[in-house]
There are 2 protein chains.
Amino acid sequence: MTPIEGCSTFLVRHAWLSLRGVVAEALVRHDLSVAQFASLLMLDEVPGLSVADVARKVSTARQSANEMLGGLERAGLVERRPHPSDRRTQQIFLTDAGRQRLAEALPTVQAVEARLAAGFSPDEIAVVNAWLHRMTEAGAASEEIPTL
Amino acid sequence: MTPIEGCSTFLVRHAWLSLRGVVAEALVRHDLSVAQFASLLMLDEVPGLSVADVARKVSTARQSANEMLGGLERAGLVERRPHPSDRRTQQIFLTDAGRQRLAEALPTVQAVEARLAAGFSPDEIAVVNAWLHRMTEAGAASEEIPTL
DNA sequence: GAACTATTGACAGGTACCTGACAATCCTGC
DNA sequence: GCAGGATTGTCAGGTACCTGTCAATAGTTC
C-alpha cells in the first residue's frame, strides 16, 4: 500500500495513475479518452491550433497527437482546415458536436476533481498547485541541459 | 506553456512527466530505468517480495514487472529464489551488486528531489504529500466501484 | 479430503506511445 | 533572391505497457 516513502516522485506517479483512472472512468460514458478530453478542452480555449501545437500542449509526440486527433475527427468532434497562410499546417477546430460533447463531459470531470479536493482549503490548494508548477518547470528546464 | 488551467489532473500529469524525465536523466549514468530504481528501492526495504508483490507496489501489470525484473536479473542486480513453502512464487532478493548500485543511485535521486523541493517549507511539503495521498486513495477506492 | 475459488508466473496478442526519418514548406541572414 | 536552418505533417519501425488466458499451486468450505 505504501508507495515508497520519501521519494515524492513515486507519490506523484501514483497520484497521476489514480487520477487518470478516475477521470477515465468518468469519461467512458462520454466515449472520450483522457487525452482526447484534454485536447477538446484546449481546442475550445484556443481554436485553430495545429497538430504540433496540440502535441506540445499535452506533452506528447506529434505522431501520437495526430492519431488521437484522428479519432476525434472520425467521431466528428473536430475538423481540420488548411491554414490560410501556412501551407504545411492544418488548423483544427471543434465542430458543434465537439463543443456539445465537451459541454457534457466537462462538468463530470470537474465534479470528480471537486469531490477529490474536498477537505483542502483554497490556501492549501494554492500550495499544491505551486508545487506542481515548480516540478513542471524543473522538467522544462532540464530539457535545456540535456547532456550535462 | 499553460497546461490546462483549472484541471488539476493535467497539472499532476505534467508534474509526473517532468519528474520522471528529470529522474530518468539522473539515472541513465547508473544504467537504471525509473521503474527499475523503484523496484530496487522496494526490494531493499522489503527483501523476498514476489513478482506479483512488486507489480502491486509499483502499480503495474505482473507481466511488466516480470520483464523489468528480468532486466535487473540479467544485470545481476537481483536474484530469484524459490519460495520455501509456496511452490508457485519466486522470492526476489537484491544481490550485493544490486545493493551497491542502489547505494550509488539513491543519493543522486534524492539530491534531484531536494533541489526541486527547495523553497517549500516542511509544512507546505506536508500539505502536498497529504494531497497526493488523497488522490491516490481516491483511485484505490474507485477500483472498488468499477461499474457504477 | 473433495470441490471451489484465488493467486502466481508465464504465454500470446494487441494497443498506445515513442524515436528517427522524409519531403514540403516557412523563415532568416546575407 | 537564395542558401541554411527550423518546422509541419506523415511514414516506418521499435518499445513498453496492457489485457486475456493458461496450468500449477495455495487456501477455504463443506
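Just so it is clear, the model here is predicted, and its values are computed rather than measured.
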Any side-chain donor-acceptor pair under 3.5 Å between B:Thr89 and B:Asp86? no
Side chains of A:Ser50 and A:Gln90: do they bring a donor and an acceptor to under 3.5 Å? no
Side chain to side chain contact (heavy atoms under 4.5 Å, CB included) partners of B:Ser85, counting only residues at least two apart: B:His83
Below 4.5 Å, heavy atoms only, C-beta onward: do A:Ser8 and A:Met135 meet side chain to side chain? no
Protein heavy-atom contacts under 4.0 Å, written 5' to 3' over nucleotides 4-16 of chain C as B (base), S (sugar-phosphate only) or - (none), form the string ---BBBBBB----
Check every strand shown and say whether A:Ser33 touches a base, only sugar-phosphate, or nothing at a heavy-atom separation below 4.0 Å. nothing
Write down the atom of [X], the atom of [Y], and the distance for their closest heavy-atom approach.
X        : Y        : value
A:Pro107 : A:Glu104 : CD-O, 3.5 Å
B:Thr136 : A:Leu11  : OG1-O, 4.3 Å
B:Ala15  : A:Leu132 : CB-CD2, 3.7 Å

Compute the bend angle of the helix from C:dG1-D:dC30 to C:dC30-D:dG1 from the end axes (five pairs per end), rounded to 10°. 40°
OP1, OP2 of C:dC18 versus side-chain N and O of A:Thr60: anything below 4.0 Å? yes
Within 45° cone of A:Phe120 ring axis and under 6.0 Å: B:Arg134 NZ or CZ: no
